[in-house]
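Notes follow once the structure below has been shown.
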Amino acid sequence: MGCLLVPARSISRLVRKIEVDAVFRTGRKAVTGAMVLFLLKNNVQPAAAVRYAIRVPKKYGTAVERNRVKRIFREAISLYGKSWMGYDMVVFPRPQVKGAKMQDIAAYLQEAFSGVTGRGTQERS
RNA sequence: GGAGCGGGACAGGUGGCUGCUCCCUGUUAAUACAGGGGGAGGAAAGUCCGAGCUCCGCAGGGCAAGGUGGUCGCUAACGGCGACUGGGGGUGACCCUAAGGAAAGUGCCACAGAAAAUAGACCGCCUGACGGUGUUGUCAGGUAAGGGUGAAACGGCGAGGUAAGAGCUCACCGCUCCGGCGGUGACGUCGGAGGCACGGCAAACCCCACCUGGAGCAAGAUCGAAUAGGGGGACGUAAAGGGGAGUAAUCCUCUUGAUAGAGUGGCCCGCUCAAUGUCCCCGGGUCAGAUCGCUAGAGCCGUAUGGCAACAUCCGGUCGAGAGAAAUGGUCGCCACUGGAAGUUACCGGAACAGAACUCGGCUUAUGGCCCACUCCAGCA
RNA sequence: GCGGGAGUAGCGCAGUGGUAGCGUAGGAGCUUCCCAAGCUCUUGGUCGCGGGUUCGAAUCCCGUCUCCCGCU
C-alpha cells in the first residue's frame with residue numbers, strides 16, 4: 001500500500017487476531033438486547049474506512065443459524081456502514097436476534113453505535 | 001373411513017433491484033472494469049465401519065491385542081447389501097435375529113429349595129423287624145410316581161407293570177447315533193437303532209475359523225522473505241547371569257545389581273544403521289506467506305442383455321461447488337401449499353431437519369408433506 | 001481433523017451380574033437458659049435416554065444425547 005492513487009476498500013474485514021484483541025482491550029463497549037458491540041477508532045489509510053468482525057459463539061445455535069446471523073450482519077454493515085467510518089468494530093450477536101430481518105439488524109446497529117459515541121470519549125485501559 | 005405395513009421420488013417455483021466467490025472472454029503495464037457461465041445435502045450431520053490417495057516405513061515368521069461370526073452370493077473393500085436356512089414376534093401385510101463351539105479346560109447360577117450338577121432324599125409312598133394296640137413311634141431297606149421352591153430339578157404325556165415305584169416295558173413326541181434321498185451349502189425330509197447318557201450362561205474367561213503395519217490433506221510436494229547455518233551432553237559394537245517348560249516372545253524359580261545403542265510407535269526372532277549415526281537438554285520454531293494437492297470419479301443418466309435379487313457387462317449421452325477465520329447472500333413482489341375458519345373475497349401468519357472443507361462405498365441419527373403396492377378392522381352397495 | 005473420559009439422591013462420590021448405598025444438605029426429636037457441635041430417627045432415585053443378551057442389568061453388548069479434557 002502507500003500509493004495514494006489506489007483507494008483501499010472502504011469496508012473490509014478485521015482478520016488478524018491481534019487487531020481483534022486490540023478492539024477488545026481498548027475499545028468502547030455497548031450492550032443492547034440484540035448484540036454486544038466493541039468500537040475503536042482506527043488509523044488506517046484511507047482515513048474514512050470501517051473494518052469489522054462478527055463473532056458468533058457456538059452456544060448461539062447450529063451452524064445454519066450462525067451462518068445466517070453472520071450474513072445478515074455483514075449485509076447490514078455493507079449497506080449502512082458508510083455512516084460510521086473511521087472505526088474498527090467487533091460485533092457479538094445475541095440469541096434474541098434470531099429471525100430478525102436485515103432492516104431490523106441495521107436499526108439495532110445504529111442504536112448501539114450512537115449509544116457508544118454519544119456517551120463521551122473515555123477509553124478503557 | 002380408521003389403524004398399520006413395505007417401497008419410491010422430491011426438498012416450493014418464478015421475476016425485479018443489489019451483493020459475495022470461482023472460471024472463461026475482452027480492455028489494461030498492473031490494479032481494476034465490462035460481458036457470459038457455475039455456486040450446498042439427503043442426510044453435507046454423528047464420526048460407527050470400509051476403501052482410494054499421501055507419507056513414515058519394509059510389514060518376513062510368530063506371541064500378544066483388537067475386530068468379525070448361519071449358508072451361498074455381490075462388491076475395490078466392509079461390521080454393508082441380496083437371496084435362502086434355522087429361531088422368535090405379529091390376526092395379517094410384514095418385522096427382528098452377534099445364529100460357530102458347553103463330551104478341550106476354568107468359572108458363575110443370588111434368594112428360595114432336600115438337592116443347582118461325579119446327583120441326592122425334606123414332606124411323602126412301600127416292605128420287614130421291634131415297641132405300642134387307636135392314630136402311630138424307632139430302626140433297617142426299597143423307591144423317585146406325587147407335594148412344595150425356583151428362571152431352570154437329570155426327558156414329556158398316556159398305558160402296562162409293581163409291595164410301592166422306576167425307559168423296567170410299549171405307543172407317540174423330544175434327544176443322540178447310523179443310513180437313504182433332495183439341495184453348491186446352511187439345512188430339509190424319510191427310515192432304522194439306542195433306551196436317556198449331554199441343565200443353563202461363551203454380548204463370562206476361553207477354543208475354533210477369518211481379518212487387521214502406523215498415521216492422516218493440519219497427509220504431503222514445491223517456492224519465497226526473515227532469522228539461524230548453532231551450543232552442551234550421552235552411547236562406542238552390544239552386556240544381567242544360572243536352572244526348568246517352549247524355536248522365541250512368555251511363564252516358574254534362585255542370585256547379583258540399578259543399568260543395558262538407536263529404529264522397526266506393545267514384545268521376540270529376524271532385518272537396517274559404523275557416523276554426514278541415534279537419543280537427551282538449551283536455543284529457535286516467525287510472516288495465521290504463496291502455489292500445488294483440489295476435484296473426471298469404483299462418477300451420473302438412459303437403453304439392451306445376464307441374474308429371483310444385490311449386481312455385472314455392452315452401447316450412447318453428460319460434466320454437476322472448490323472457499324481459506326472460510327463465498328454460495330440480502331430485499332421487494334407474484335403464484336402454488338397450509339393455519340386462524342366454520343362457505344367466497346379481503347387480512348394476518350406459517351413453511352421441516354439442517355451448511356461442503358481431500359474424495360468415494362455403507363451404517364446410524366434428525367426431519368416435511370406427496371405418490372404407489374399391500375394388510376387388518378368397521379360401514380354402505 | 002484425530003483421540004480420551006464422565007453421566008447414580010439437592011450437592012460431592014462408592015457400587016464390575018442378585019434387596020441401590022455413604023457423606024453432606026432437608027425434616028422431626030433428645031441435649032442446652034439459647035445457638036453451634038454431638039446423638040437418635042426419617043424423607044428423598046425413570047442409575048442420562050432407547051433397544052438387546054441373561055432367570056435377573058447401574059454393571060455386559062449396540063445405538064443415541066449432553067458435558068469435560070487433550071493433540072495438531
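Side-chain atoms are counted along with the backbone in the values below, which use heavy atoms only and exclude waters and symmetry mates. Below, chain A is the first sequence line, B the second, and so on; all start at residue 1.
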Between A/Asn67 and A/Ser78, who's closer to the 5' end of RNA chain B by nearest nucleotide?
A/Ser78
Sequence neighbours left out, what passes side chain to side chain contact (heavy atoms under 4.5 Å, CB included) with A/Ala63? Give chain and number order.
A/Arg66
For the side chain of A/Arg74, starting at C-beta, report the closest nucleotide among B/U331, B/A327, B/A354.
B/A327
For atom C1', what is the distance between B/G257 and B/U247, given to the nearest Å?
30 Å
For B/U359, the nucleotide meeting Watson-Crick or G-U wobble distances (both under 3.5 Å) is B/A51
B/A218 and B/A356, which share atom name P, separated by this distance in whole Å:
15 Å
Does B/G42 adopt a syn or an anti glycosidic conformation, taking syn as a chi angle within 90° of 0?
syn
If I pick the C1' atom on B/A326 and the same atom on B/U21, what distance separates them, to the nearest angstrom?
11 Å
Assess whether one donor atom and one acceptor atom, taken from the side chain of A/Glu75 and the base of B/G19, lie less than 3.5 Å apart.
no
Work out how far the C1' atom of B/A40 is from that of B/G69, and round it to whole angstrom.
41 Å
Give none if B/G320 has no partner; otherwise give the nucleotide forming a Watson-Crick or G-U wobble pair with it, both distances under 3.5 Å.
none
For atom C1', what is the distance between B/G57 and B/G214, given to the nearest Å?
9 Å
Provide the distance between the two P atoms, one in C/U46 and one in C/U8, to the nearest whole Å.
12 Å
With side chains defined as the heavy atoms from C-beta onward, is the minimum distance between A/Phe38 and A/Arg28 less than 4.5 Å?
no
Can a donor-acceptor pair under 3.5 Å be found between the side-chain atoms of A/Arg71 and the base atoms of B/G19?
no
Quick check on B/G340: syn or anti? Syn means the glycosidic torsion is within 90 degrees of zero.
anti
Is a donor on one side and an acceptor on the other found under 3.5 Å between the side chain of A/Glu65 and the backbone of A/Thr62?
yes
Think A/Lys101 has a side-chain N or O under 4.0 angstrom from the OP1 or OP2 of B/C332?
yes
Throw together a table of side-chain donor-acceptor distances under 3.5 angstrom for residues 96-103 of chain A, partners on residues two or more places apart or in other chains.
unit_1: A/Lys98; atom_1: NZ; unit_2: A/Tyr60; atom_2: O; d: 3.1

Centroid separation A/Phe73 to A/Tyr52 less than 6.0 Å
no
Across all strands, who's sitting opposite B/G188 as a Watson-Crick or G-U wobble pair, both distances under 3.5 Å?
B/C181
Counting only Watson-Crick or G-U wobble pairs whose two distances fall under 3.5 Å, which nucleotide matches B/C130?
B/G137
